Amino acid sequence: MGEDREEGGGLMPDSPSSPRVRFAPSPTGYLHVGGARTALFNWLFARHTGGAFILRIEDTDFERSSEAMVDGILESMRWIGLDWDEGPFFQSQRLALYQATAQKLVQSGHAYYCFCTKEELEARRAQGTAAMYDRRCRNLDRAESEKRRLDGKSPAAIRFAVPDGGSTAFDDAVFGRVEFANAEIEDFVLLRSDGIPTYHLSVVADDIDMRLTHVIRGADHISNTPKQVLQYQALGADLPVFAHVPLILGPDKTRLSKRHGATSVIAYKDLGIVPEAFRNFLALLGWSPGSKQGSAHKDREIFSSEDLVQLFTLDGISKSNAVFDNDKLAWFNTEYIRAYASEKLLPMIEVEWKAAEFQPTRSEPEILATIDLLKPRARSLKDFATLFRAYFSDDFEYDAAAVTKFLSDPALPSLLQELAHRYAAAPEFTEASAEQILRAFAAEKNIKAGALINGSRVALTGQAVAPSLFAVMTALGKDRVIQRLSAVDKVPTSG
RNA sequence: GGCGCCAUGGUGUAACUGGUUAACACGCCGCCCUCUCAAGGCGGAGAGUUCGGGUUCGAUCCCCGAUGGCGCUACCA
């Protein structure tokens, strides 16, 4: 049956027993979907358990990190609705901690100074078959080492002294017990010769300092984990629970990259994806509520943020990599757009309008009603600024293919203009009356109502695809319908 | 190459500690509806669980091996 869930709110936010997790992106690029999913899982875990979610920026690679990327990452996180309880902390401002930690390790004999230069190491690697560091500086005697360090001629890095024999293991919450022979682990660099820590040192120093209880991160870190475990042991610190999350791959099952199209979170925002759809989709990539709670959630796919928080547990995380499927994301998007109230959709649509430099000329009640009419067939928020422009202003274009398909009959324009006169003369203009007038007109002229309907649709909306014509007519309003039908002869025909 | 991890239809997942006609969703195909396109309703194709050995009365599930994929293999994170 698995372990019981904590009752929500049962723990004080910062009680000693409450979990502490973190998301630790490196600002060397935009937040990509894999990172977003890792952040999401950490956040869900924290919210589910009543723990703390900490944001830490790992910017110790000064060449590749930038402030703009930090802003982008924060923006992306806010977009998918992830808030953090502590931070953001910047590793670039915590250098003293790492240096002190490295010193501590040297003093306790778990680390040593290394005077080999990067160039020397590369040269040795190039010629030898042994890829690992040969430990030559580990064997320097203490006095010699001190002397070389103090003369300052050869800047020294600090390396971890990996134990000679035995193995290092940890119990992963997702993968179970994972074990590595120490002989396979290199004497890795903790502190670079310029005093900047490597990732291996800074994660451990920070994770201990920030009292993290769980480390939830990508499975690409499994191989790094023994290096970290060794440091915890050398430092006499308790191990956090490691939970490695399988990777997200592109459709060709290789690691997701630019080749696969959009890879940054913001790119999906720009594609007109609504954040909740994206979050829902991401949550189900590598995790599922399973059926351990009976069958209640087994066949469900749509989960609100609250649902996810309530349902999320580490044992729902799967072990195998997942392929990112744009079609499924698109489906989530349509589901969410359809389900949203138009009042909720409007601000998101306004963003699209602004980006497209489009100005609606309708009143707000009209706009809201029209959104309700259109949202069942929207695939993206973008549609409101492209396909659906004709509903919100006269600033739209006629789709050439639609014109060719439904408006190419030379008899049509004059018929539609005549129809416009009928509407103008009619005492009322409702969905029912509009339909009745059109059908009567078609019967009178002995033509198919469908021809008139399809032609009208293109004349009114510029598109071949739209909701039911008479709903469109009432949404547009009598005046606009008459005006556009009357102007049908001015619709540009292609060729 | 070495080390580690993973393996259920095209995709994401489900299948309580071995016993199911292997389920759901996306996608795909067809039909219905119909004024277009979606949606919706109905139906369908698609995996005998990568392959081969075991263990067992019985294996998607346990063990071994093979194959494939992915990850790590930096004074990047």
Side-chain angles (χ1 to χ4, degrees), chain A residues 1-2 24-28 58-61 63-65 91 114 116-118 121-122 125 129-133 155-159 172 175-176 178-181 183-186 188-194 196-200 202-203 218-226 244 246-247 249 251 253-255 281 284-292 294-295 298-302 316 318-332 334 338 376-379 402 405-406 435 438-439 448-458 461 463-470 472:
Chain A
M1 207 39 53
S26 177
T28 55
E58 308 215 326
D59 56 350
T60 53
D61 183 342
E63 281 93 70
R64 296 196 301 144
S65 297
Q91 290 193 323
C114 174
C116 303
T117 65
K118 194 169 184 175
L121 293 168
E122 273 164 14
R125 245 194 310 270
T129 42
M132 284 199 288
Y133 177 60
I158 294 178
R159 284 182 186 269
D172 193 279
F175 290 95
V178 183
E179 190 165 357
F180 292 80
E184 300 291 336
I185 306 170
E186 179 173 48
F188 53 97
V189 172
L190 292 166
L191 199 67
R192 298 187 272 203
S193 49
D194 59 4
I196 306 301
T198 64
Y199 165 74
H200 300 299
S202 55
V203 249
D220 49 343
H221 285 292
I222 289 180
S223 303
N224 291 327
T225 307
H244 287 95
L247 269 21
L249 309 177
K253 300 201 174 184
T254 62
R255 192 173 204 176
F281 170 69
L284 260 21
L285 232 42
W287 174 83
S288 88
S291 51
K292 48 189 178 294
S295 56
K298 197 176 137 202
D299 295 340
R300 267 222 292 163
E301 299 262 31
I302 302 289
S318 54
K319 295 181 184 178
S320 50
N321 295 340
V323 172
F324 190 96
D325 181 6
N326 276 302
D327 285 336
K328 186 104 184 216
L329 172 59
W331 174 76
F332 275 109
T334 61
R338 177 170 309 153
R377 60 197 70 215
R379 304 269 302 166
K405 190 173 178 191
F406 291 125
E435 175 158 14
L438 183 141
R439 288 191 188 279
K448 282 186 171 173
L452 241 32
I453 288 170
N454 290 329
S456 298
R457 173 176 296 108
V458 177
T461 69
Q463 299 291 135
V465 173
S468 169
L469 178 68
F470 306 104
V472 169

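Predicted model only: the values in this text are computed from it and were never measured. Labels below follow one simple rule: chain letters A, B, ... track the order of the sequence lines, proteins then strands, and each chain is numbered from 1.
- Residue A:S456 is out of contact with every strand shown, counting any heavy-atom pair closer than 4.0 Å.
- The OG atom of A:S26 sits 10.0 Å away from the OH atom of A:Y199 when rounded to the nearest 0.5 Å.
- Residue A:T60 has its side chain nearest to B:rA77 when only B:rC35, B:rU11, B:rA77 are considered.
- In this structure, A:G286 reaches the sugar-phosphate backbone alone: every heavy-atom distance under 4.0 Å involves primed, P, OP1 or OP2 atoms, never a base.
- Closest heavy-atom contact between A:F470 and A:E435: CE2-CA, 3.3 Å.
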For nucleotides 38-50 of chain B, just jot down a letter per nucleotide in 5' to 3' order: B, S or -, based on protein non-hydrogen atoms under 4.0 Å. BS-----------
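- The structure places OG of A:S320 at 11.5 Å from CG of A:L247, a figure rounded to the nearest 0.5 Å.
- In terms of position on RNA chain B, the residue among A:L469 and A:D325 whose nearest nucleotide sits closer to the 5' end is A:D325.
- Taking only side-chain atoms of A:E301, from C-beta outward, the nucleotide of B:rU36, B:rA25, B:rC5 with the closest atom is B:rA25.
- Across all strands, A:P27 comes closer than 4.0 Å to no nucleic acid atom at all (heavy-atom distances).
- In RNA chain B, runs of at least 3 consecutive Watson-Crick or G-U pairs, each pair with both distances below 3.5 Å, span B:1-7 with B:67-73, B:10-13 with B:23-26, B:28-32 with B:40-44, B:50-54 with B:62-66.
- The C1' atoms of B:rC75 and B:rU17 are separated by 49 Å, rounded to the nearest whole Å.
- Annotated as anti: B:rG10, whose O4'-C1'-N torsion sits more than 90° from 0.
- Every side chain to side chain contact (heavy atoms under 4.5 Å, CB included) that A:A330 has, sequence neighbours left out, goes to A:R379.
- Counting non-hydrogen atoms under 4.0 angstrom, A:P25 reaches nothing in the nucleic acid.
- No N or O donor and acceptor, one from the side chain of A:T198 and one from the base of B:rC75, sit under 3.5 Å apart.
- Partners of A:P27 by side chain to side chain contact (heavy atoms under 4.5 Å, CB included), not counting sequence neighbours, listed by chain and number: A:I57, A:D59, A:S65, A:M69, A:V70, A:I73.
- Distance from the side chain of A:V178 is smallest to B:rG4 among B:rU36, B:rG4, B:rA14.
- Of the two residues near RNA chain B, A:R439 and A:F175, the one whose nearest nucleotide lies more 5' is A:F175.
- A:L121 comes within 4.0 angstrom of a base, heavy atoms only.
- Backbone-only contact: A:S320 has heavy atoms under 4.0 Å from sugar-phosphate atoms and none from a base.
- A search for salt bridge (charged side-chain N to carboxylate O under 4.0 Å, His left out) contacts involving A:D61 returns A:R64, not counting sequence neighbours.
- Taking the P atom of each, B:rG4 and B:rU21 are spaced 40 Å apart, rounded to whole Å.
- For the C1' atoms, the distance from B:rU49 to B:rC35 is 47 Å, rounded to whole Å.
- When the side-chain nitrogen and oxygen atoms of A:R64 are compared with OP1 and OP2 of B:rA77, none of them lie within a distance under 4.0 Å.
- Using a 4.0 Å heavy-atom cutoff across all strands shown, A:A464 reaches at least one base atom of the nucleic acid.
- For the atom pair A:F406 CZ and A:Q463 CD, the distance stands at 12.0 Å (nearest 0.5 Å).
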What does the B/S/- profile of nucleotides 68-73 of chain B look like, 5' to 3', with a 4.0 Å heavy-atom cutoff to protein? --SBS-
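- Comparing B:rC26 with B:rC42, their P atoms are spaced 13 Å from each other, to the whole Å.
- The C1' atoms of B:rU56 and B:rC61 are separated by 13 Å, rounded to the nearest whole Å.
- Nearest nucleotide to the A:D327 side chain, out of B:rC75, B:rG27, B:rG12: B:rG27.
- Taking atom P on both B:rG10 and B:rA45, the two are 15 Å apart, rounded to the nearest angstrom.
- Note on A:K328: every side-chain N or O is 4.0 Å or more away from OP1 and OP2 of B:rU11.
- Nearest nucleotide to the side chain of A:R125, out of B:rC35, B:rA74, B:rA25: B:rA74.
- Comparing the C1' positions of B:rC16 and B:rA23 gives a spacing of 15 Å, expressed to the nearest Å.
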